[in-house]
2 protein chains.
Amino acid sequence: MFELDMRSRKPIYEQLVDKMKELIMNELLKTDEQLPSVRQLATELSINPNTIQKAYRELETQGFIYSVKGKGSFVNPNQKAIDKEKIVEMKKELEKLILEALYLGIPAQELISLIQDLDASKGGA
Amino acid sequence: MFELDMRSRKPIYEQLVDKMKELIMNELLKTDEQLPSVRQLATELSINPNTIQKAYRELETQGFIYSVKGKGSFVNPNQKAIDKEKIVEMKKELEKLILEALYLGIPAQELISLIQDLDASKGGA
DNA sequence: TAACTGTACTATCATACATAGTACACCATG
DNA sequence: CATGGTGTACTATGTATGATAGTACAGTTA
């Protein structure tokens, strides 16, 4: 369910956060559905429970999940608060990366096709 | 000439490498043109000479520049060897980021427009 | 009570990046 | 030749971040 890239510059906990957000926004994890427990997921992924907890804490801060002591962590029903700040940040990152890609010689049309493909697969899956 | 983001996850030397490659590929630095010296650029950017040298070494390894002891570093006339590996890597990164953006709710059309704008400004500048 | 949840610490290790300092080889200029 | 510029190499140190290890405590559920 979670494919981690241990060599990535992006830390594990952050990869987890992003994956979770995708699953939630794509409704593969539905409202009030229970997430795997900190220890269980840690065992499953062969990483430290602290790393999982760090991801969960971040997800809770961002309003994607809520956690209850003794019970577990669950998908938050109200995630309308997907912060605009994050979107702005994302656009900046994308702009940088796209510019690099163009300078690297990747044709604009190829990038556009990539977006269209991803968009289609996202909606149609 | 070089805008460094000290807060970025991308290390300084790597930012330098990328900037240089852009300048070279965009022909803002022309064939056999001399680059700033290691110490000079270090002073100018207020960073350590070793960091500059690391960037230059990397650029030389990748075939973008060549260095001559006692003389300086220069733009390589033959940079046809723009590695495909880097392009593949770039595409993967882009794919991840675009997917995140789409899930964040940024419309595909907006991303496409972004690419087109960047592509136009790149060619027309 | 027992076994599971989340949560909160401290300590330690590993890695990558950047800096500091020194040293040497080479070239150009006076 | 002497000086000061170039690239290059090396060790040591500082720093920040990520990840792990271990322990402990609070709450829930059976």
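Please read these numbers as outputs of a predicted model, since none were measured by experiment. Labels below follow one simple rule: chain letters A, B, ... track the order of the sequence lines, proteins then strands, and each chain is numbered from 1.
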*What bend angle does the helix from C/dT1-D/dA30 to C/dG30-D/dC1 show across its length, from five-pair end axes and to the nearest 10 degrees?*
0°
*Taking atom C1' of C/dA8 as reference, at what distance in whole Å does atom NZ of A/Lys69 sit?*
9 Å
*CD of A/Glu60 versus C1' of C/dT7: gap in Å, rounded?*
10 Å
_Length of the CG-P vector between A/Leu41 and D/dT20, whole Å_ = 12 Å
*asked:* Taking only side-chain N and O atoms of B/Ser67, does any of them lie within less than 4.0 angstrom of OP1 or OP2 on D/dG7?
replied: no
*For B/Tyr66 and D/dT6, what is the distance between atoms OH and P respectively, to the nearest whole Å?*
16 Å
_Using modelled atom types and a 3.5 Å cut-off, is there a donor and acceptor pairing between side-chain atoms of B/Gln53 and backbone atoms of B/Asn50?_
no
_Can you measure A/Gln53 atom CD to D/dA21 atom C1' for me and round it to whole angstrom units?_
14 Å
_Main chain of A/Leu97, side chain of B/Glu93: is a donor-acceptor contact present, judged purely on distance under 3.5 Å?_
no
_Donor-acceptor check, side chain of B/Thr43 to backbone of B/Arg39, threshold 3.5 angstrom: yes or no?_
yes
*Donor-acceptor pair, side chain of B/Glu33 and main chain of B/Phe74, under 3.5 angstrom*: no
*Proximity to the side chain of A/Gln40 - top-ranked nucleotide from C/dA25, C/dT7, C/dT5*: C/dT5
*Which sits closer to the 5' end of DNA chain C, A/Gly72 or A/Arg57, going by the nucleotide each is nearest to?*
A/Gly72
*Base, backbone or nothing for each nucleotide of nucleotides 14-22 of chain C, written B, S, -, heavy atoms under 4.0 angstrom, 5' to 3'?*
---SSBBB-
*For A/Gln34, answer base if it contacts any base atom (sugar-phosphate contacts may also be present), sugar-phosphate if it contacts only those atoms, and nothing otherwise; contact means non-hydrogen atoms under 4.0 Å.*
nothing
*asked:* Go through it in stages, so that I can follow the logic: the residues are B/Glu100 and A/Lys21, the test is salt bridge (charged side-chain N to carboxylate O under 4.0 Å, His left out), and I'd like the CA-CA distance, side-chain angles, deciding distance and then a yes or no.
replied: CA-CA 9 Å; B/Glu100 283 189 53; A/Lys21 283 159 75 171; over 6 Å; no
*Can you tell me if B/Tyr13 and B/Asp18 form a side-chain donor-acceptor pair at under 3.5 Å?*
no
_OP1 or OP2 of D/dT29 under 4.0 Å from side-chain N/O of A/Lys71_ = yes
*Rounded to whole angstrom units, what separation is found between the CZ atom of A/Arg7 and the P atom of D/dA19?*
16 Å
*With B/Gln34, which residues qualify under side-chain hydrogen bond (donor to acceptor under 3.5 Å, both in side chains), at least two apart?*
none
*Rounded to the nearest angstrom, tell me the gap between atom CD in A/Glu58 and atom C1' in C/dG6.*
17 Å
*State, with a plain yes or no, whether a side-chain heavy atom of A/Ser37 is found less than 4.5 Å away from one of A/Tyr56.*
no
*Within the side chain of B/Glu95, is there an N or O that forms a donor-acceptor pair under 3.5 Å with the backbone of A/Leu114?*
no
